[in-house]
Amino acid sequence: VANQAMIPMIAQASGGKWPQAAGKWVFKLAMPAYESGPVMQGVMERYNPKTLAVMYDLDDEAALSALEDIKAQAQKLNLKIVATEAHRSNDVDMSGQISRIRASNPDMLYYASKGETGGLIIRTARERGIKVPIVAWAAPGGIEKVAKELSDGVISQSAFNLDSPDQVIKEFVSRYYQRFGADAKLDQYHGYGYDAMLLLADALGRAGTKPTRESLRDAIATTKNLKGVTGTLTWDGSEVTRSAASLVVMKSGRWTTLK
């Protein structure tokens with residue numbers, strides 16, 4: 001619709017793999033949820049696993065992309081996949097898949113399933129006695145609602161590191177908690193929203209004294225090294241490149257930097 005109407009659109013939280021090209025008028029901001037390279041490299045260095053079990057959402061295109069990506073990463077890292085289990089998006093019982101994963105005795109469990117479904121996987125795995133590290137893909141929001149304290153220790157990757165010493169991030173975090181309270185949820189999706197506004201403001205400043213749809217689109221498309229809270233951002237057409245993602249771990253209902 002944005003392309004047909006020729007209106008610039010910032011897709012600030014779409015981390016999935018799109019079935020077709022975004023088009024000239026659409027700009028993706030989120031880190032791809034299906035890319036597992038940074039987090040897998042980090043956990044390999046810390047835990048040195050030899051075997052891996054994988055669980056994924058059969059109905060989610062991004063999860064299917066994540067499956068292919070984790071297979072490639074496992075091969076690259078000489079990590080043997082000993083179990084691969086699928087589920088449907090509306091499944092409410094993961095016990096069968098988790099039982100088979102437990103029987104495979106993996107050194108690590110990786111899953112690609114959105115939000116609260118991931119929480120169900122984590123809770124079932126822990127309740128069934130799986131004690132190995134669990135790695136979530138980069139769209140893990142909401143796991144703490146279902147798994148609660150059982151989600152502690154789950155590892156993921158994030159474009160936003162709220163523990164960063166970077167002054168831009170520190171100021172954003174401080175202002176956010178002052179505005180919404182010390183117990184307010186704060187994760188990479190809030191960072192994406194903030195950076196979307198930074199991108200728009202920056203582009204408007206470069207779109208001429210009387211911005212048009214076209215001049216604003218061109219300004220967004222040529223954004224270089226924009227310092228945001230989810231990284232230093234550069235666009236080449238519709239796709240964004242950013243500085244490296246952070247490894248994070250769930251602790252007491254919040255994502256914190258993995259030390």
Side-chain angles (χ1 to χ4, degrees), residues 13 15-17 30-47 49 52-71 73-74 77 79 81 83-87 89 91 94 97-98 101 106-128 130-162 185-192 230 244-259:
K17 179 171 286 188
M31 177 177 66
Y34 49 85
E35 292 184 357
S36 59
V39 69
M40 289 307 299
Q41 186 63 48
V43 298
M44 287 293 293
E45 293 171 357
R46 287 166 172 80
Y47 300 105
L52 176 71
V54 178
M55 194 161 177
Y56 67 99
D57 188 337
L58 190 60
D59 299 321
D60 189 307
E61 288 293 333
L64 295 175
S65 297
L67 174 64
E68 296 308 311
D69 183 76
I70 195 65
K71 286 180 178 178
Q73 291 296 329
L77 298 169
L79 188 58
I81 296 178
T84 304
E85 294 288 338
H87 68 84
S89 292
D91 282 353
M94 307 290 181
Q97 296 98 320
I98 293 299
I101 286 174
D107 295 332
M108 183 171 291
L109 169 60
Y110 171 90
Y111 78 84
S113 307
K114 287 182 179 176
E116 296 182 17
T117 303
L120 178 59
I121 292 170
I122 294 163
R123 187 182 71 193
T124 306
R126 293 307 190 215
E127 289 176 346
R128 299 254 167 172
I130 294 178
K131 298 179 181 180
V132 300
I134 297 177
V135 178
W137 71 336
I143 62 172
E144 71 283 359
K145 295 179 182 178
V146 176
K148 300 187 184 304
E149 69 277 2
L150 295 178
S151 65
D152 279 7
V154 172
I155 302 163
S156 188
Q157 62 190 26
S158 175
F160 174 60
N161 178 7
L162 61 84
K185 181 179 179 180
L186 178 57
D187 60 23
Q188 65 180 350
Y189 294 101
H190 300 87
Y192 289 148
T230 65
S246 299
L247 294 183
V248 292
V249 61
M250 177 61 71
K251 183 177 180 180
S252 300
R254 289 189 176 183
W255 292 105
T256 61
T257 304
L258 179 63
K259 304 297 185 181

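Residue numbers start at 1 and run along the sequence shown. The figures here come from the full heavy-atom set of this structure, side chains too, leaving out hydrogens, waters and symmetry mates.
- The closest side-chain heavy-atom distance from Y110 to W137 is below 4.5 Å.
- Between V248 and D187, the closest side-chain pair of non-hydrogen atoms is not below 4.5 Å.
- Heavy-atom minimum distance, D152 versus G253: OD1-N, 4.1 Å.
- Residues passing the side chain to side chain contact (heavy atoms under 4.5 Å, CB included) test with K148: none are found, sequence neighbours excluded.
- Looking at heavy atoms from C-beta onward, Y111 lies in side-chain contact with I143 at the 4.5 angstrom threshold.
- When the salt bridge (Lys or Arg N to Asp or Glu O under 4.0 Å) test is applied to D91, no partner is found at least two apart in sequence or on another chain.
- The ring pair (Phe, Tyr, Trp, His ring centres under 6.0 Å) search around F160 returns F172, not counting sequence neighbours.
- Between M94 and T117 the shortest side-chain heavy-atom distance falls below 4.5 Å.
- K145 NZ: 12 or fewer foreign heavy atoms inside a 6.0 Å radius.
- To the nearest 0.5 Å, the span separating CZ on R254 from CG on L162 amounts to 8.0 Å.
- Judged as a side chain to side chain donor-acceptor pair (under 3.5 Å), and not counting sequence neighbours, R46 has no contacts.
- Checked by atom type, the side-chain pair D57/S113 shows no donor-acceptor distance below 3.5 Å.
- Y192 pairs by the side chain to side chain donor-acceptor pair (under 3.5 Å) definition with Q188, not counting sequence neighbours.
- Taking every heavy atom of both residues into account, V132 and P106 meet most closely at CG1-O, 3.2 Å.
- Between A136 and V154 the shortest heavy-atom distance is CB-CG1, 4.0 Å.
- Contact of the L79 side chain with the M40 side chain is registered, since non-hydrogen atoms from C-beta on lie closer than 4.5 Å.
- Note that the OG1 atom of T124 and the CD atom of Q97 stand 9.0 Å from one another [nearest 0.5 Å].
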**Message:** Would W255 and S156 count as a side-chain contact (heavy atoms from CB on, under 4.5 Å) here? Give the steps.
**Reply:** CA-CA 9 Å; W255 292 105; S156 188; 4.0 Å; yes
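- Taking CE from M55 and OG1 from T84, the interatomic distance works out to 11.5 Å, rounded to the nearest 0.5 Å.
- You'll find the side chain of I122 stays beyond 4.5 Å of the side chain of V146, heavy atoms only.
- Considering CG of L77 and CD of Q41, their distance stands at 5.5 Å, rounded to 0.5 Å.
- Contact of the K185 side chain with the H190 side chain is registered, since non-hydrogen atoms from C-beta on lie closer than 4.5 Å.
- Listed by chain and residue number, E68 satisfy the salt bridge (Lys or Arg N to Asp or Glu O under 4.0 Å) test with K71 (two or more places apart in sequence, or in another chain).
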**Request:** Kindly indicate, with the supporting measurements, whether the criterion side-chain contact (heavy atoms from CB on, under 4.5 Å) is fulfilled by E127 and I98.
**Result:** CA-CA 10 Å; E127 289 176 346; I98 293 299; over 6 Å; no
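- Considering only heavy atoms from C-beta on, S246 stays 4.5 Å or farther from T257 through its side chain.
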